[in-house]
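All heavy atoms count here, side chains included; hydrogens, waters and symmetry mates do not. Ligands are counted one by one from 1 in listed order, and the atoms in each one are counted from 1 as well.
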Amino acid sequence: MAMELTISRAAITADLDDIAACSESPPPGVTRVVYGEADLRARAYLRGRCRELGLQLREDALGNLFARWPGAEPALPAVASGSHIDAIPSSGRYDGTVGVVGALEALSALRRAGHQPRRSLELLLFTAEEPTRFGIGCLGSRALAGVLGPDQLRALRDPAGRSLDELRAAAGFAGPFDAVRLDPGHYAAFVELHIEQGPVLEAEGLPIGVVRAIAAPATMRLRLAGQGGHAGAVLMLERRDALLAGAEIALAVEHAALATGSPNTVATTGIFQIEPGAVNAIPSAATLEIDVRDVAAEPRDHALAAIRAATEAICGRRHVSHQLELLNADPPATCDPAVVEAIVTVCDGLGLPRQIMVSRAYHDSLFMARLCPTAMIFIPCRGGVSHRPDEYADPDHICQGVAVLAHTLARLSA
Ligand code: HGY
Ligand code: MN
Ligand code: MN
């Protein structure tokens, strides 16, 4: 490994602390929903840090941020790295932010070392990787990859019925949605640093994971309509209870995942809301949002079909009407072997043990892989815990991940 790099643990810690302070919920949990006040504060902080580094900034119509270090041959497709800073309610301070702060420190360390990249290096901050506001994950990277087109973007609404267009404008972002999509070949490569959000690396005692594939996510939204009525006056056999239909369906979701025969199929009813929400009123309506994944699309799709069939049967028996919407069902991504190899070579050069593995969580890399050669660098997180306030990544692991990222970016941009 030719170049000596020093990774600033202090800078990384300060950035993670300052971003974690931009939260809609009190510590230790973090809540930072896209276009919300905390998200905008965190974005302003990061723009300031990118300017300190002398990077050239651009934001697109959705608020995807591009911070570029022009290379010696600026006309060549750039090498990019980055992640997201939005955080689901009451979650952790490392999911996504490690990849954004890590990319910033990687570029900073390369500049401090006097590195001069041939290809430009670009930090990416993706808008709305989490599905919290619009129900669909990786909104910004989907749009960059052309998976979500302008009409689909215009149709998106948040739970309060506000449109994406209205919310992005209120957040200060402008421009036509059809200018968001990037051409394939816009980048030479993309590398994302992220916590594993699983237990493998910690269990194996490894500091680095090199991701070769990213699981196939799907999301369903189910609206149930029963009859409601007075909890005291309506006899049990006359009821059309939307909550009980939903409860049976939630159990059917669990059964569908267990029944595919693939140990990698997972399914979660993460949202279950009922109306009117009064103890003495029979639930008249219910909304469920269901997350179904597998590292392969076929068993995932098998589970989706089983959930559809169970919903029909349960709603028919309970005389509850239903509207089942498939919000997304994405194929898994295969990471680029040459980028995987570059990361492995860097790890070996640094003497860091590593394991090639699959990501069970989805990431913006799932869609960047449709635009350019893409791979990911994982670091362990304590107990494999994520999407919880006690999510934690050891600073030594973060610094090692940033060192691997910096050397990989130098290698890919040479
Ligand atoms: O849900 C996921 O896999 C990601 O953390 N948003
Ligand atoms: Mn997440
Ligand atoms: Mn993430």
Side chains of F126 and L139: does their closest heavy-atom pair fall under 4.5 Å? no
With a 4.5 Å heavy-atom cut-off, do C138 and D330 have their side chains touching? no
Return the set of protein N, O or S atoms whose distance to the Mn ion (ligand 2) is under 2.8 Å, each given as residue and atom. D95 OD2, E130 OE2, H387 NE2
Residues around ligand 1, heavy atom under 4.0 Å from any ligand atom, sorted by chain and number. Can you pull those? D95, E129, E130, Q197, R293, A361, Y362, H387
Check S359, S141, S83 against E192 for a side chain to side chain donor-acceptor pair (under 3.5 Å) and give me the one that passes. S83
NZ/NE/NH1/NH2 to OD/OE distance under 4.0 Å, [X] and [Y]:
{"X": "R388", "Y": "E391", "value": "no"}
{"X": "R41", "Y": "E37", "value": "yes"}
{"X": "E105", "Y": "R112", "value": "yes"}

Of all heavy-atom pairs linking I379 and G401, the shortest is CG2-CA, 3.8 Å
Apply the side chain to side chain contact (heavy atoms under 4.5 Å, CB included) test between R354 and each candidate in V346, L201, V344, L206; give the one that qualifies. V344
Euclidean distance, F367 CZ relative to L144 CG, rounded to 0.5 Å: 11.0 Å
